[in-house]
Amino acid sequence: MAQQGRHRFIRKFWVIVGKDLLLELRTKDTWVGMLAFVVMVIFLFAFAFGTDRSQVRQTFSGILWLAFLFAGILGVGRTYHHEMPEEALVGLMLAPGERTWIVVAKMSVAFCFMFGLELVASPLFFILLNQPWTGRWAAYLAALALGAWGFVGVGTLLSALAANVRSGEALLPLLLVPLEIPVLITAVEATRAILATPPGNPWGWLEGLLAYDVIFLALPLVLYDYLWEV
Amino acid sequence: MTKRDWWMWPFLPVMWIACYLNFLWSPDDAQLGPSQRIFYFHMGAATVVLVAYTITLVSSIAYLVTRRLSWDRWAAASAEIGTVFTAMVLVSGILWGRAAWGVWWTWDPRLTTTVILWVIFAGYLLLREWSDNPERRALYSAVVAILAYVDVPIDYMAVRWWNSIHPVVITSQGIAMAPRMIVAMFVSMAALLYLFAIWMAIRLRLLRAEAGLADIKNRLFLAMQELEG
Amino acid sequence: MQHVQKRIGERWVLSDVSVVLGAGRALAVLGPNGAGKSTLLRVAAGLWSPSGGMVYRFGRRGTPDHTASDPRVGLVGHQSFLYPALTALENLMVYGRLYGLSRPKVKAEAALERFGLRWSANEPLKTFSRGMKQRLSLARAWLSDPELLLLDEPFSGLDLEGQELLTGWLAEHRRRGGAQLLITHSVEEALKVGDAVAILMRGRLVWWGSRDAADEDGLRVRYREWLSKGGIGSFASFGSS
């Protein structure tokens, strides 16, 4: 019985993840929007600050994460976009399995988008802003993954709220940006340490980021329980 | 004001006493001179901020559990007033910083976390402003208030965890100030908490009246529809 | 359902509603806007937990927090609960998988066939008309073969053929022992489906009788009477959804 129940919950998770990816494949609105935005930001920074290698070096990790931050708001903010027009969320809630799996699936999809974007956009940043790669892969990937994770917990929760509020699209960045400042600070500092010559120690910053990630994953998971009844 | 508001009147003498203690009775600081006097209301306002946002947190949790809109009104009133006091803390801090550090603003952990706090709660107030269904507004703002409150303990501990240039006055070793300054600080704190209590009472009354008015409008609308139908 | 009450904020949308529904039976609940019909359905579905009273489904008390839904309950709502960007077939396949059907594609095709949507299987939902959307919504509910079927104005938007498909399905569903709870504001529809009819006013069931007890005209007169007495439910509020 328990075995079968467990199986059923995991099914709910995978079906929703698969459905969201299929929707994205059809509409392409989240992914294309995010990527186009990031590329545009690279161009803007290149025009605004020039591409002088040593000059950009000072601000490079800041530029990188600022672009990810805005693209993340754009992408994570659309988490419940497809659920709204036909109240599809009600159908998901009625389907067998715990409601928490809907949330976990939404967070996982948001993480995939965010992390995928960071992976694709990073080489573009290095190439277009003339930065040599001097860092360590493992640490850099850890910074990207933890940074993406930092967006997912609060971001999906707030996007659920924003989807139901008048001018929600204007409200989301207002609420999300201040809550993401710790992610920005720690991720920028960690990345700076990773890319520095000689390389610094990023792990202190990454541990701080991990602590944030854990708190802001646990808190939304608890709060979601109260959100279902609206 | 009505008879039951008698407790509000002693506020005036209390505030006069606080001002007298702050600006005349307490001594100048040995190094900073008269700019020290900004500190008393700065500290008092910061205390109010802590109390106000804690009330918002507790009321928000209470709302989530009980779903009574009166809790939501407590959370809203307290957050509004708390945000005004946070602005007061920031402005007085900027003035003091100019005198003590020679700059208007510096990105010190304490200052940064305080300004983040202010921005988050400003977003909270906008969320309230922009939602029209009272139950949904109450639910969503309760959730945001709980997320926002995470910054409060961080703000409080910022000077203790990281090497901040913001002074720490009250430590486990006691209070690092002259006795008269300590008196002035506590009286200011009491005066501003008193102000907060009065403000809360008035704001809550107003919010209750607003809710009542909306309810009457609602009933009137329905009654008129019934008459027409 | 016994003595179910539902409070939303400060308003009691449902006060003391009791409904018993046996297998193979259908109850139609009539009521004006704002009477609490949709709330009743949501509580019955387990989407919302009651503020007071108990909800029993299939003889067992609903889990107190209602976090795990029962696959034997099917709901046809105002909205289709589907995705505009996906095709009809894909939408149904998503649902088939959610309910763990063994061959989702075959079953989804059968559902489309059943509700006359075979030729639109690969069209995205956003190109559908109101009536086709409603048909797809019915196909979605049919797919999971629920024992308890909850219907919120299921006839809305359907053409004559669609209405016949729906009544046909509902009759078959009852014959096989399914239970149905239908809410509507149309006396005609209530009598077409329900073998018992109840009138819900301001969150209370004010009248209740079997289909035989009320012919169409009699019921219509009674309903009018109650409408003029109660008017629009005073629990409704404008500006809230």
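So you know, we letter chains A, B, ... as the sequences are listed, proteins then strands, and number each from 1. These values consider heavy atoms only, across backbone and side chains, with no hydrogens, waters or symmetry-generated copies.
Interface remark: A:L92 contributes backbone and side-chain atoms alike to the contact with chain C (heavy atom separation under 4.5 Å). With a threshold of 4.5 angstrom between heavy atoms, C:V73 does not approach chain A through any atom at all. For a residue to count as touching a neighbouring chain, one of its non-hydrogen atoms must lie under 4.5 Å from one of that chain's; by this rule C:K126 does not touch chain A.
Using non-hydrogen atoms only and a strict 4.5 Å limit, the part of residues 16-37 of chain A facing chain C consists of A:I16, A:K19, A:L22, A:L23, A:R26, A:T27.
The shortest non-hydrogen separation linking A:A88 to C:L82 is CB-O, 4.0 Å. Closest non-hydrogen pair, A:L94 versus C:Y99, comes out as O-OH, 3.8 Å. Taking each heavy atom of C:L125 and A:E86 in turn, the nearest pair found is CD2-CG, 4.5 Å. Considering all non-hydrogen atoms of both residues, A:P85 and C:Q79 come closest at O-OE1, 3.3 Å. Taking each heavy atom of C:Y83 and A:H82 in turn, the nearest pair found is CD2-O, 3.4 Å. Across all their heavy atoms, C:L98 and A:A95 have their closest contact at CD1-CB, 3.9 Å.
The number of heavy atoms from other shown groups lying within 6.0 Å of CZ (C:R114) is above 12.
In summary, C:R42 and A:E87 engage in a salt bridge, as defined by a charged side-chain N under 4.0 Å from a carboxylate O.
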